[in-house]
Amino acid sequence: MVNRRKKDIFYLATFIALVFALNLISSFFFTRIDFTKEKRFTISPITKSLLFGLKGDIQITVYLEGDFPAGFKRLRNSTKDLLNDFKAYSSGNLRYNFVNPLAGST
């Protein structure tokens, strides 16, 4: 009984150590896995190389902030996800901000 308990604790500690090591190793690599059939969320290799080879900073302003209908909110979220991916592949040379187009209007 005691021997089995020690064995179970050893297996649990080994599993936790493996998960921790895998998490630590994966923190050094950026990758995305696209499970859609048509590869809808995959960035093309040409786009990746273009983003990786950016020489200067690029600033993108997106006018999708504020009180919009649900369809525009989904568009804002998907645009933000795509821009986050672009930013990761650009080595920090791409910046973006979302602006409310109605801000400051009366």
Side-chain angles (χ1 to χ4, degrees):
M1 183 81 156
V2 173
N3 195 15
R4 177 165 169 85
R5 185 173 182 174
K6 286 182 182 180
K7 190 186 239 186
D8 288 342
I9 291 173
F10 174 74
Y11 286 146
L12 178 63
T14 304
F15 176 74
I16 290 172
L18 284 174
V19 168
F20 180 75
L22 182 64
N23 191 18
L24 183 66
I25 291 169
S26 67
S27 69
F28 294 108
F29 301 102
F30 173 76
T31 187
R32 298 273 312 245
I33 300 173
D34 187 2
F35 291 112
T36 59
K37 186 177 181 180
E38 63 275 357
K39 299 298 177 194
R40 184 175 176 188
F41 302 105
T42 300
I43 298 174
S44 70
I46 295 171
T47 304
K48 288 178 186 178
S49 66
L50 179 71
L51 289 168
F52 184 72
L54 287 175
K55 300 281 189 248
D57 292 341
I58 294 189
Q59 175 68 36
I60 298 174
T61 302
V62 182
Y63 294 96
L64 283 174
E65 192 64 39
D67 190 24
F68 286 114
F72 284 104
K73 289 180 182 180
R74 284 192 302 274
L75 176 63
R76 181 189 65 211
N77 292 339
S78 62
T79 302
K80 189 172 186 178
D81 290 341
L82 182 65
L83 288 173
N84 280 331
D85 290 346
F86 285 174
K87 185 176 181 179
Y89 285 113
S90 72
S91 302
N93 289 336
L94 186 132
R95 292 181 182 82
Y96 64 88
N97 62 336
F98 284 80
V99 174
N100 185 349
L102 300 176
S105 64
T106 57

K.L.:
With Tyr96, which residues qualify under ring-ring contact (aromatic ring centres under 6.0 Å, His included), at least two apart?
P.N.:
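Expected list: Phe98.
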K.L.:
Closer than 3.5 angstrom, by distance alone: can the side chain of Asn93 be matched with the main-chain N or O of Lys55 as a donor-acceptor pair?
P.N.:
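A pair under 3.5 Å: no.
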K.L.:
Mind checking whether Glu65 and Val99 have side chains closer than 4.5 Å, heavy atoms only?
P.N.:
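Result no, sub-4.5 Å side-chain heavy-atom pair not found.
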K.L.:
List the atom of Asp67, the atom of Lys73, and the distance in Å for their closest heavy-atom pair.
P.N.:
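So the minimum-distance heavy-atom pair works out to OD1-NZ, 4.4 Å.
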K.L.:
To the nearest 0.5 angstrom, please state how far the CG atom of Leu82 sits from the CG atom of Asn77.
P.N.:
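Interatomic distance, Leu82 CG to Asn77 CG, rounded to 0.5 Å: 12.5 Å.
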K.L.:
Taking all non-hydrogen atoms of both residues into account, name the closest pair between Asp34 and Arg40 and its distance.
P.N.:
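It is OD2-N, 3.2 Å.
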K.L.:
Would a 4.5 Å heavy-atom cut-off, applied to side chains only, mark Leu83 and Lys87 as touching?
P.N.:
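The answer is no, as the side chains (C-beta and beyond) never meet within the 4.5 Å cut-off.
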K.L.:
So if I apply the side-chain contact (heavy atoms from CB on, under 4.5 Å) rule between Ser90 and each of Ile58, Leu50, Leu51, which one comes out positive?
P.N.:
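Only one option passes, and that is Leu51.
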K.L.:
Do Tyr63 and Leu75 belong to the same hydrophobic cluster, where Ile, Leu, Val, Met, Phe, Trp and Tyr are linked whenever their side-chain heavy atoms lie under 4.5 Å apart, directly or via other members?
P.N.:
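Cluster IDs for Tyr63 and Leu75 differ.
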K.L.:
Can you name the ring-ring contact (aromatic ring centres under 6.0 Å, His included) partners of Phe86, sequence neighbours left out?
P.N.:
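Not a single residue meets the ring-ring contact (aromatic ring centres under 6.0 Å, His included) criterion with Phe86.
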K.L.:
Just to verify, what does Phe52 make a ring-ring contact (aromatic ring centres under 6.0 Å, His included) with, not counting sequence neighbours?
P.N.:
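None.
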K.L.:
Is the number of heavy atoms from other residues, nucleotides or ligands under 6.0 Å of Lys7 NZ greater than 12?
P.N.:
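Atom NZ in Lys7 is not packed in, count stays at 12 or less.
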K.L.:
Distance from Phe68 atom CZ to Leu102 atom CG, nearest 0.5 Å?
P.N.:
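It is 6.0 Å, given to the nearest 0.5 Å.
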K.L.:
Check whether more than 12 heavy atoms from other residues, nucleotides or ligands sit under 6.0 Å from atom CD1 of Ile46, and answer yes or no.
P.N.:
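Not buried by this count: 12 neighbours or fewer within 6.0 Å.
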K.L.:
At what distance, to the nearest 0.5 angstrom, does CD1 of Ile9 lie from OG1 of Thr14?
P.N.:
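It comes to 11.5 Å.
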K.L.:
To the nearest 0.5 angstrom, please state how far the OH atom of Tyr11 sits from the CD1 atom of Ile16.
P.N.:
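Tyr11 atom OH to Ile16 atom CD1 measures 15.5 Å (nearest 0.5 Å).
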